[in-house]
Protein chains: 2
Amino acid sequence: MNNYTDILRAHNLKATPQRVAIAELLYLHGHISIDSLYEMMLKTFQSLSLATIYKNINIMVENSFIQEVKIANIKSVYELTKESHSHLVCNKCQNIEDISLDLHSIMSDASKEYGFRVNSTDLVLTGFCKNCA
Amino acid sequence: MNNYTDILRAHNLKATPQRVAIAELLYLHGHISIDSLYEMMLKTFQSLSLATIYKNINIMVENSFIQEVKIANIKSVYELTKESHSHLVCNKCQNIEDISLDLHSIMSDASKEYGFRVNSTDLVLTGFCKNCA
DNA sequence: CTGACTGCAAACGTTTTGCACGGTA
DNA sequence: TACCGTGCAAAACGTTTGCAGTCAG
């Protein structure tokens, strides 16, 4: 478990218990929706307000501490910001897995063939994971 | 301009003037948000209801006549269903461009390294387009 | 002619806002 | 202590629903 108190402060965010909990849950589960986050945190913070979740998620996204992951047909989930990676989404177990794929050739194709200067990539592969295939 | 009356019928959709207009606008502009679509169509259909847009977009997505395109930091847009392709999103002019990239090697990497059976890909490249770079 | 579509208004779920209180730094 | 964050309630927003009238096939 990392020291999210300091990491939060490094992102100009006060380290409240609620924020530390969000960071830890995202670290442990990888990708979580707003609803699930609220549900999980209610066990620890009985008087937690959904508004607090939304306010924190928004400011954490603005400060690049976390990122929204948009996936077709599924409601958005959030993840801790980390090095560039792609996502595998299983159609059966609904699990979302991080993967590291080499996209350099694709980025250079986009550059050569379309004159596009790529800053960031967002790749989601949908199908069946190892266990469900 | 294609014959959207017949194409709509082929998708089990009655060819109402509103639906034909949606199809034509998507064909002409490529990618349009719900709001823009409503705004554009109001010029032709003064008494158009937003509810009609939503109902039609939903049924057209269900029937695979059109598809939603989810892009980070931007509200969803819709496009006519066509062969698999990727998207370029320009950070400056906000334009969304369709591109055809060969993703076979990436799909096979995902298969070899993660045992994942890929059914569909969703790739968005963000950066600067030819004109804005 | 019949079922499906439209437009309107109301309902609904999600997200945001304002404010008083409490906690972090 | 000063400011920022929290929780609550209300408001705002986007989307869906029900219904009566209309239109496509």
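In the text below, chain A, chain B and the rest are named by the order of the sequence lines, each starting its count at 1.
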Interatomic distance, [X] [atom1] vs [N] [atom2] [rounded to whole Å]:
X: A:Asn58; N: D:dA12; atom1: CG; atom2: P; result: 19 Å
X: A:Leu13; N: D:dT6; atom1: CG; atom2: C1'; result: 15 Å
X: A:Ile53; N: C:dT14; atom1: CD1; atom2: C1'; result: 14 Å
X: B:Leu8; N: D:dG25; atom1: CG; atom2: P; result: 9 Å
X: B:Phe45; N: C:dG7; atom1: CZ; atom2: P; result: 8 Å
X: A:Gln46; N: D:dG7; atom1: CD; atom2: P; result: 11 Å

Least distance between heavy atoms, B:Glu68 atom then B:Ser76 atom: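 Shortest heavy-atom contact: OE2-OG, 2.6 Å.
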Does [X] place a side-chain N or O at less than 4.0 Å from the phosphate oxygens OP1/OP2 of [N]?
X: A:Gln18; N: D:dG7; result: yes
X: A:Thr52; N: D:dG7; result: yes
X: A:Asn56; N: D:dT6; result: yes

Drop me the distance from B:Ser86's OG to A:Tyr114's OH, to the nearest 0.5 angstrom.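 Atom-to-atom, B:Ser86:OG and A:Tyr114:OH are 8.5 Å apart.
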Could you state the interatomic distance from CD1 (A:Ile106) to CG (A:Leu123), rounded to the nearest 0.5 Å?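 That separation rounds to 7.0 Å.
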Heavy atoms under 4.0 Å, any strand shown: does A:Leu48 hit a base, just sugar-phosphate, or nothing?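 The residue A:Leu48 makes sugar-phosphate contact but no base contact.
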Pick base, sugar-phosphate or nothing for B:Thr16, based on heavy-atom distances below 4.0 Å to the nucleic acid.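 Sugar-phosphate contact only - B:Thr16 comes under 4.0 Å of backbone atoms but never of a base.
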Donor on one side chain, acceptor on other, A:Ser105 and A:Ser108, under 3.5 Å: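 No pair is found: no donor N or O on one side chain lies under 3.5 Å from an acceptor on the other.
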Give me each pair satisfying ring-ring contact (aromatic ring centres under 6.0 Å, His included) with a member in residues 63-88 of chain B, each pair once, sequence neighbours excluded. B:His11-B:Phe65, B:His31-B:His87, B:His85-B:His87
Any carboxylate oxygen within less than 4.0 angstrom of a Lys/Arg side-chain nitrogen, looking at A:Lys82 and A:Asp98? yes
For B:Asp6, is the CG atom crowded, meaning more than 12 foreign heavy atoms sit under 6.0 Å from it?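 Result for CG/B:Asp6: enclosed.
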Taking only nitrogen or oxygen atoms into account, show me every contact under 3.5 Å that the protein makes with nucleotides 18-23 of chain D, one pair per line with its distance.
{"residue": "D:dG18", "atom": "O6", "partner": "B:Lys55", "partner atom": "NZ", "Å": "3.0"}

